[in-house]
Q: 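Have a look at this one before I ask anything.
Starting from 1, each residue takes its place in the sequence as its number.
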Amino acid sequence: MTTLIDIPGREQYRRRFLRDGFVVIENVLQDQDVGILSREADNLMNFLMSEDVDIMQQLGGVIEPISSGYIETPLSQMFIFSKTAYSRLRNMVTEEPDSVTDILFSTMPQWAKVMLPDETDDDKLCLFNEQYIVKTPRSESVSSFGWHQDSQYMDASAQSSYPVVSCWTALDDISLSNGTLIIEPFPRPITEDNSGYIDVLTALTDMEEFIKYHQDISSFYETALDPAAALEIAQAVPPNEPLTNRPTAGYADHFDAKTWKNYERQAPVLVDIPAGSVVFLSGFVRHCSLGNASAKFRRAFMPQYSIGKVMNGEGGYISLAVPCSVKNEGAGDSVTGSSKADEI
């Protein structure tokens, strides 16, 4: 049973997500949920290391619970698009049955819905992927991850058809020393006379309009900065502060890249957050991560959610397509292809 969460400030969160391509929200998960996920991450890491798997060199720090080898690979792929089947399989991984599935299908989807466009009769909220992202102790030289956008792991057809939000969840306190994120916000449109910014309203609830906006505004990114240069700027500029001090000149309820021709680059943001906080990332926002120089593991959990079952141009599923509600499970689905979305 879904426990409804009160999310004060949801419109402000959505406005910032649309403006910048991401939003950082502290204390999304309670300590109990952080403990559940942390224990599972540790259990999977211990298993892999007992199997002589080098988590960084062989897996890039990405551990997917179902395909990690901890449980036998199921013969049937029905779990890919069935909440009932996926939950049953997922409970074989955790030592605390139903605890992780409650986070996956109750807690986190309510937050994801704040960022995503509205569901439709044909396209419901789905779990698209989930993974633990681990940086082993003192792995600074091998655990950084370069600039990327999560949508680049989807083909062009999927990018233009399905909105996806990544919920990058800190299981440890995240800081500069243990492999934090650097995010370059979306470029901001400015008026023709350069007097101020133009921000979108909190609308964009239509799926096609939402996707077009994210694709168009991200197309104005300039060449990526060297991570060291980005870090220097991020440390000098307070989070979410523009490089210049323009006022907001107005809001637009419609986005048209052909009309909005003036843009300004925003300062990169260094993420420094306590455990239980979540960074909600658009599939089109540019980000990277630093290496872990600390003496402890750095653990994060990242479920991703989509509106609709994400398929490639050939009709195959790219990853998971698990409806977050049992009543939205469809009949007759088939698996014709899949790939995984790597992360930071």
Q: Checking side chain to side chain donor-acceptor pair (under 3.5 Å) for the pair S195/D193: CA distance, chi angles, key distance, verdict?
A: CA-CA 5 Å; S195 63; D193 62 3; 2.7 Å; yes

Q: Report the C-alpha separation of Y317 and F81 in whole Å, then their side-chain angles, then the decisive distance to 0.1 Å, and conclude whether the ring pair (Phe, Tyr, Trp, His ring centres under 6.0 Å) test is met.
A: CA-CA 9 Å; Y317 289 106; F81 37 73; 5.6 Å; yes

Q: Hey, is the main chain of R39 close enough, under 3.5 Å, to the side chain of N43 for a donor-acceptor pair?
A: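 It does not hold such a pair.
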
Q: Hey, does the side chain of Q149 reach the backbone of G283 with a donor-acceptor pair shorter than 3.5 angstrom?
A: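 No, the answer is negative, given that no donor and acceptor are paired below the 3.5 Å cut-off.
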
Q: Is the shortest distance from a Lys or Arg side-chain nitrogen in R16 or E11 to a carboxylate oxygen in the other one below 4.0 Å?
A: no

Q: For Q215 and S160, what are the C-alpha separation, side-chain angles and deciding distance, and is it a side chain to side chain contact (heavy atoms under 4.5 Å, CB included)?
A: CA-CA 8 Å; Q215 285 187 308; S160 60; 3.9 Å; yes

Q: Quick one, L104 with R90, criterion side chain to side chain contact (heavy atoms under 4.5 Å, CB included). Give me CA distance, side-chain angles, the key distance, then yes/no.
A: CA-CA 10 Å; L104 283 173; R90 196 63 180 76; 4.0 Å; yes

Q: Heavy-atom distance under 4.5 Å between the side chains of K113 and D118, does that happen here?
A: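 A side-chain contact is absent here, since even the closest heavy-atom pair is not under 4.5 Å.
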
Q: Nearest heavy-atom pair of Y162 and I307: which atoms, and what distance?
A: CD2-O, 3.6 Å

Q: Please determine whether side chain to side chain contact (heavy atoms under 4.5 Å, CB included) holds for the pair L320 and F128, giving the CA-CA distance in whole Å, both sets of side-chain angles, and the decisive distance to 0.1 Å.
A: CA-CA 5 Å; L320 301 174; F128 173 60; 5.6 Å; no

Q: If you take all heavy atoms of H214 and F17, which pair is closest and at what distance?
A: CE1-CE2, 3.9 Å

Q: Determine whether a donor-acceptor pair (N or O, by modelled atom type, separation under 3.5 Å) exists between the side chain of S38 and the backbone of G35.
A: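 No, because the side chain of S38 does not come within donor-acceptor range (under 3.5 Å) of the backbone of G35.
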
Q: Look up atom CG in N178 and atom OG1 in T180, then write down how far apart they are to the nearest 0.5 Å.
A: 7.0 Å

Q: If every non-hydrogen atom of P185 is compared with every non-hydrogen atom of A267, which pair is closest and at what distance?
A: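 Closest approach of P185 to A267, heavy atoms only: CD-O, 3.2 Å.
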
Q: Return the CD1 to OG distance between I211 and S161, rounded to the nearest 0.5 Å.
A: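 Rounded to the nearest 0.5 Å, the CD1-OG separation comes out at 6.5 Å.
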
Q: Is Y305 reaching over with its side chain to a backbone N or O of M108, donor-acceptor style, under 3.5 angstrom?
A: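 Pair absent, no side-chain N/O of Y305 close to backbone of M108.
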
Q: Using modelled atom types and a 3.5 Å cut-off, is there a donor and acceptor pairing between side-chain atoms of S68 and backbone atoms of P65?
A: yes

Q: So does Q32 have more than 12 non-hydrogen atoms from other groups sitting under 6.0 Å from CD?
A: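 Counting other residues, nucleotides and ligands, CD of Q32 stays at 12 neighbours or fewer.
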
Q: Do other residues, nucleotides or ligands put more than 12 heavy atoms under 6.0 Å from the CD atom of E26?
A: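 For E26, atom CD is crowded (more than 12 foreign heavy atoms under 6.0 Å).
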
Q: Let me confirm one number: the CD-CG distance from Q159 to N312, rounded to the nearest 0.5 Å.
A: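 So the gap between those two atoms works out to 12.0 Å.
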
Q: Flag the pair M45 / R299 as yes when at least one side-chain heavy-atom distance between them is below 4.5 Å, and no otherwise.
A: yes

Q: Verify side chain to side chain contact (heavy atoms under 4.5 Å, CB included) between V23 and I25, making sure each step is shown before the conclusion.
A: CA-CA 6 Å; V23 64; I25 305 177; 4.2 Å; yes

Q: Where do P189 and I217 come nearest, in terms of heavy atoms and distance?
A: CD-CD1, 4.1 Å

Q: Under 3.5 Å, is there a donor-acceptor pair between the side chain of D150 and the main chain of S166?
A: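 Between the backbone of S166 and the side chain of D150 there is no qualifying donor-acceptor contact (under 3.5 Å).
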
Q: Please tell me if the side chains of K135 and S289 come closer than 4.5 Å, counting only heavy atoms from C-beta onward.
A: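 A side-chain contact under 4.5 Å exists here.
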
Q: With heavy-atom distances below 4.5 Å as the criterion, would you say the side chains of D272 and D173 are in contact?
A: no

Q: If I take atom CG from residue N27 and atom CD1 from residue I273, how far apart are they, to the nearest 0.5 angstrom?
A: 10.0 Å

Q: Tell me, yes or no, whether the heavy-atom count around D31 atom CG, taken from other residues, nucleotides or ligands under 6.0 Å, exceeds 12.
A: no

Q: Can you confirm whether more than 12 heavy atoms, excluding those of E95, are under 6.0 Å from its CD atom?
A: no

Q: Should Y70 and E40 be marked as a side chain to side chain donor-acceptor pair (under 3.5 Å) after you check the CA-CA gap, both sets of side-chain angles, and the distance that decides it?
A: CA-CA 11 Å; Y70 186 76; E40 182 176 73; over 6 Å; no

Q: Charged N to carboxylate O below 4.0 Å: is that the case for D199 and R188?
A: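 Looking at R188 together with D199, the answer is yes, because their closest N to O distance falls below 4.0 Å.
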
Q: Quick one: does I174's side chain get under 4.5 Å of R298's, heavy atoms only?
A: yes

Q: Does D226 use its side chain to pair, donor to acceptor, with the backbone of A228 at less than 3.5 Å?
A: yes

Q: Which pair of heavy atoms, one from S50 and one from F47, lies closest together, and at what distance?
A: OG-O, 2.5 Å

Q: Please name the pair of heavy atoms, one in R286 and one in A224, separated by the smallest distance, quoted to 0.1 Å.
A: NH1-CA, 3.3 Å

Q: Does the side chain of V100 come within less than 4.5 Å of F105's, by heavy atoms?
A: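 The answer is no; the side chains never approach within 4.5 Å.
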
Q: Between the side chain of S277 and the main-chain N/O of P274, is any donor-acceptor distance below 3.5 Å?
A: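 Checked: pair present.
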
Q: For the pair Y132 (side chain) and G61 (backbone), establish whether a donor and an acceptor sit closer than 3.5 Å, ignoring hydrogens and angles.
A: no

Q: Rounded to the nearest 0.5 Å, what separates atom CG in N129 from atom CE in M302?
A: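 So the gap between those two atoms works out to 6.5 Å.
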
Q: Using side-chain heavy atoms (C-beta onward) and a distance below 4.5 Å, is Y263 in contact with F186?
A: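 SC-SC contact between Y263 and F186 ruled out.
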
Q: Could you tell me whether E222 and R265 have a side-chain N and a carboxylate O separated by less than 4.0 Å?
A: yes

Q: Could you tell me if the side chain of L281 sits less than 4.5 Å from the side chain of M115, heavy atoms only?
A: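 Contact flag for M115/L281 side chains = no.
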
Q: For atom CD of E96, is the number of surrounding heavy atoms from other residues, nucleotides or ligands below 6.0 Å larger than 12?
A: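 Above 12, so yes.
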
Q: I need the N292 CG to S141 OG distance, nearest 0.5 Å.
A: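 With rounding to 0.5 Å, CG (N292) is 11.0 Å from OG (S141).
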
Q: When you measure from the side chain of S82 to the backbone N and O of M78, does any donor-acceptor pair fall under 3.5 Å?
A: no

Q: Side chain to side chain donor-acceptor pair (under 3.5 Å) for S175 and S177? Distances and angles first, verdict last.
A: CA-CA 5 Å; S175 66; S177 66; 3.1 Å; yes

